[in-house]
Amino acid sequence: MSKPQIIKPQIGFQEQFMSSRADIAIGGGAAGGGKSWVLTYEATRHRANSFYSGVLFRRTYPQVMAPGGLWEKARELYPLMGAHSRDADWMFPGGAWLAFRHMQHEKNVYDWQGSELAYIGFDELTQFSEGMFWYMLSRNRSSSGIKPVMRGTCNPDPDSFVATLIEWWIDQDEKMPDGSPNPRYGFPIPERAGRLRYFTRDNDALVWGNTMQEVIDKAPHMFQGDLANVKPKSLTFIPGDIFGNKIFLAKNPDYLGNLMALPEEDKVRLLRGNWKVRADGLALYDPAAVGSIYTNYAPSDGSRYITGDIARFGHDWTVLLVWQGWEVVGCLIMKVNDSPEAVKAIEFLRSKFNVMAHHVLIDQNGVGGEVLSLRRDYQGFLNNATALEDPATRVKENYKNLKTQCYYRSAARVNRGAIKITLNDDNVWIYESSTDAAGGYVHSIHRSCRTKMGNKLVDIRDVIKTQLRAIRKEAVDSEGKQQINSKEAQKILLGGWSPDFADNIMMREYFELTGPRRRFGGFDNS
């Protein structure tokens with residue numbers, strides 16, 4: 001007779017993660033710590049309750065089913081508990097149900113509208129958008145008598161919303177009191193690991209406290225009337241690393257060697273769990289150069305251009321940039337528009353900055369094509385067009401497409417300090433709509449560098465820097481052509497937003513590739 005198999009978390013990270021009383025617990029911070037296992041196992045805690053249900057997410061379906069991922073962990077564990085699978089679901093003998101799903105697009109959150117989920121788990125939480133995470137908190141409820149919880153695991157990503165959410169648990173001081181570098185900068189603070197903090201949201205800002213009462217005292221107006229007895233939510237961060245995963249190390253003794261062989265920035269993040277180091281070896285735009293883009297001295301030959309990324313109603317914006325040589329001297333953002341309105345906006349900028357019509361370049365993929373049908377004297381930019389010849393060497397460059405070519409050339413220009421952006425409250429126009437007293441829409445235009453992106457107030461200049469950082473190098477394709485990360489991958493890094501400003505900056509290179517054309521031994525600059 002075979003001995004019964006004991007399933008339990010390992011001492012350390014896994015045990016601490018499973019014993020947390022927090023409404024929301026985020027765990028991990030380094031590779032190989034047993035994060036996916038504990039996320040999958042904790043989901044079964046209430047499997048004997050017939051009304052219990054939960055869901056575990058990865059960003060894409062292939063990630064759910066990938067070797068070593070959530071589904072494989074469930075296949076190892078759940079049959080031992082008497083569960084059986086059907087499609088991407090697991091049913092337990094007591095009637096409990098667990099689903100394994102992806103959430104690739106922002107709209108996928110509405111697939112869960114009306115759901116009651118006592119357990120919600122996000123594997124690699126940093127790959128999800130902030131909006132996805134907070135929306136699913138509204139689905140974290142149950143009539144089973146079980147306290148609903150949300151759990152997330154991840155590796156460090158300093159540009160993710162998670163890094164901001166858990167910053168209290170991470171050492172934020174770059175310097176020691178004596179001014180010397182802080183060797184613990186970006187690492188979890190050991191004495192804060194697993195400690196609960198409490199929060200509520202007031203006008204889209206999180207209000208934090210070390211106790212529930214501290215949160216209530218900071219925002220007393222939030223806890224009045226029918227809400228007087230509401231309790232603030234609790235959140236914690238529990239760091240873990242590969243050294244606490246003894247079982248994994250016993251089975252994979254060479255994996256530590258893999259992590260040790262990584263480039264230094266990846267090693268510090270994935271082996272040691274640092275939340276401040278960025279994997280900038282993959283960054284197309286040098287971070288330091290991006291930080292200097294507003295103080296550079298860019299050359300100008302007097303030429304003027306407009307680049308435009310056109311969007312329809314919805315999440316993305318129409319963004320128009322005005323260029324004087326290699327300096328951005330104006331910007332117009334349209335949050336609500338149609339093609340005729342976009343033409344009006346372009347003509348407004350043309351008149352104000354004296355830009356010739358054939359020096360207007362519009363992304364003709366999607367809605368931009370409608371603008372070009374209205375104004376055939378504008379030029380169109382086709383992302384997937386074949387890469388062009390280098391105008392100096394007359395040699396065709398080896399890039400995946402025109403967009404990739406322009407991004408690489410743009411990054412090279414930014415990295416050598418040859419692009420300047422001059423934007424302020426006088427030369428940024430924002431066109432948006434609001435609701436009047438009768439419930440109708442009122443369009444307005446105002447000048448400001450600050451605006452709402454979703455529910456967050458942002459500075460356009462900060463958005464531009466963030467978007468440039470989201471453009472990453474990819475390995476060459478099967479034909480040896482250079483590539484960048486996909487639009488979907490960029491949007492994941494940007495919380496679901498498209499890199500509209502970065503695309504505009506990239507498109508400026510098109511005039512360099514096509515403007516001065518050789519003709520009769522000379523140059524035609526028309």
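- Note: W90 and W71 have tilted aromatic rings, judged against thresholds of 30 and 60 degrees for the angle between ring planes.
- In this structure, M18 CE and E42 CD are separated by 5.0 Å, a value rounded to the nearest 0.5 Å.
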Check residues 185-197 and write down every donor-acceptor pair under 3.5 Å in which the side-chain atom is one partner and the other belongs to a residue at least two apart or another chain.
| unit_1 | atom_1 | unit_2 | atom_2 | d |
| --- | --- | --- | --- | --- |
| R192 | NH1 | W168 | O | 2.6 |
| R197 | NE | N210 | OD1 | 3.1 |

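- Side-chain atoms of K403 never come within 3.5 Å of backbone atoms of I484 as a donor-acceptor pair (strictly under, hydrogens ignored).
- Remark: the K335 side chain and the T451 side chain contain an N/O donor-acceptor pair separated by less than 3.5 Å.
- For K487 and D503, the salt-bridge test passes: some basic side-chain N is under 4.0 Å from an acidic carboxylate O.
- The side-chain heavy atoms of L321 and M507, taken from C-beta on, include no pair separated by under 4.5 Å.
- For the pair R58/H102, no side-chain contact is recorded, criterion being any heavy-atom separation below 4.5 Å from C-beta on.
- Using cut-offs of 30° and 60° on the angle between ring planes, the pair W275 and F237 is perpendicular.
- Remark: side-chain polar atoms of D202 are not paired, donor with acceptor, to backbone N or O of A205 under 3.5 angstrom.
- Side-chain atoms of R201 and D204, non-hydrogen and from C-beta on, do get closer than 4.5 Å to each other.
- With hydrogens and angles ignored, the 3.5 Å screen pairs a side-chain donor or acceptor of N108 with a backbone N or O of H105.
- Note: I310 CD1 to N365 CG = 12.0 Å, rounded to the nearest 0.5 Å.
- Residues T40 and F100 are in side-chain contact: their nearest non-hydrogen atoms beyond the backbone lie under 4.5 Å apart.
- Applying the ring pair (Phe, Tyr, Trp, His ring centres under 6.0 Å) test between W134 and each of F199, F122, F128 identifies F199 as the sole match.
- Checked options V458, L468, D500; the residue passing with V463 is V458 (criterion: side chain to side chain contact (heavy atoms under 4.5 Å, CB included)).
- In this structure, CG on L259 lies 11.5 Å from CG on D254, to the nearest 0.5 angstrom.
- More than 12 heavy atoms of other shown residues, nucleotides or ligands fall within 6.0 angstrom of atom NZ in K147.
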V109 vs M103, side chain to side chain contact (heavy atoms under 4.5 Å, CB included): CA-CA, chis, key distance, verdict: CA-CA 7 Å; V109 298; M103 190 177 286; 3.6 Å; yes
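- Rounding to the nearest 0.5 angstrom, the gap separating the CD1 atom in I460 from the CG atom in L423 is 8.5 Å.
- Judged by distance alone, with hydrogens and angles left aside, the side-chain atoms of N252 form no donor-acceptor pair with the main-chain N or O of Y255 at under 3.5 Å.
- The backbone N or O of E116 lies less than 3.5 Å from a partner atom in the side chain of S53, making a donor-acceptor pair.
- With hydrogens and angles ignored, the 3.5 Å screen pairs no side-chain donor or acceptor of D87 with any backbone N or O of D89.
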Trace of the side chain to side chain donor-acceptor pair (under 3.5 Å) decision for E124 with Q63: CA-CA 10 Å; E124 296 301 342; Q63 290 172 337; over 6 Å; no
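- Here the closest heavy-atom approach between residue G32 and residue K35 is recorded as N-NZ, 4.1 Å.
- Here the closest heavy-atom approach between residue T126 and residue S160 is recorded as CG2-OG, 3.4 Å.
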Go through I464 and I505 one step at a time and tell me if the side chain to side chain contact (heavy atoms under 4.5 Å, CB included) criterion holds. CA-CA 9 Å; I464 291 173; I505 292 169; 3.8 Å; yes
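- Under the 30°/60° scheme for interplanar angles, the aromatic rings of F133 and F161 are found to be tilted.
- Figure legend: cation-pi geometry between R101 and W112 absent, as NZ or CZ is not positioned both under 6.0 Å from the six-membered ring centre and within 45° of its axis.
- K233 and D23 get closest at one heavy-atom pair: CA-OD2, 3.5 Å.
- Side-chain atoms of K452 and E432, non-hydrogen and from C-beta on, never get closer than 4.5 Å to each other.
- A donor atom on one side chain and an acceptor atom on the other are found under 3.5 Å apart for Y285 and S410.
- Q213 and D217 share a side-chain donor-acceptor pair at under 3.5 Å.
- The shortest distance between side-chain heavy atoms of L77 and T44 does not fall below 4.5 Å.
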Apply salt bridge (charged side-chain N to carboxylate O under 4.0 Å, His left out) to the pair E72 and R75, showing each step before the final yes or no. CA-CA 5 Å; E72 185 170 292; R75 287 179 59 196; 5.7 Å; no
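- Screening Y78, Y52, W97 against F92 for a ring pair (Phe, Tyr, Trp, His ring centres under 6.0 Å) leaves a single residue, Y78.
- Nearest approach of R461 to Y294, heavy atoms of both residues: O-OH, 2.7 Å.
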Under the side chain to side chain donor-acceptor pair (under 3.5 Å) criterion, do D309 and N504 qualify, and how do the steps go? CA-CA 6 Å; D309 188 1; N504 267 277; 5.0 Å; no
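- The only option from L165, V215, T200 that meets the side chain to side chain contact (heavy atoms under 4.5 Å, CB included) definition with L206 turns out to be L165.
- Within the structure, the ring-ring contact (aromatic ring centres under 6.0 Å, His included) test picks out the following pairs touching residues 17-40 (sequence neighbours left out): F13-F17, W37-Y41.
- Counting heavy atoms from C-beta on, the side chains of S234 and M212 never come closer than 4.5 Å.
- Between the CG atom in L117 and the OG atom in S144 there is a gap of 10.5 Å [rounded to 0.5 Å].
- Each of Q113, E106, E130 was scored for a side chain to side chain contact (heavy atoms under 4.5 Å, CB included) with Y135, with one residue passing: Q113.
- R151 contributes no side-chain N or O that, together with a main-chain N or O of V38, makes up a donor-acceptor pair within less than 3.5 Å.
- N485 and A470 make their closest contact through ND2-O, 2.9 Å (heavy atoms, listed as atom of the first residue, atom of the second, distance).
- Checking side-chain atoms of K73 against main-chain N and O of G68 turns up a donor-acceptor pair under 3.5 Å.
- Checked by atom type and distance alone, the side chain of D241 never pairs as donor or acceptor with a backbone atom of A30 at under 3.5 Å.
- Listed here is the closest heavy atom pair of P158 and A163: O-CB, 3.7 Å.
- For the pair T211 (side chain) and E214 (backbone), a donor-acceptor distance under 3.5 Å is present.
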Please evaluate residues K276 and Q172 with respect to the criterion side chain to side chain donor-acceptor pair (under 3.5 Å), reporting the C-alpha separation (whole Å), side-chain torsions for both, the decisive distance (0.1 Å), and the verdict. CA-CA 9 Å; K276 292 297 183 181; Q172 304 290 324; 2.8 Å; yes
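- Between L235 and W169 there is a side-chain heavy-atom pair separated by less than 4.5 Å.
- The side chain to side chain contact (heavy atoms under 4.5 Å, CB included) with F57 is formed by just one residue from the set I120, L70, D123, L125; it is I120.
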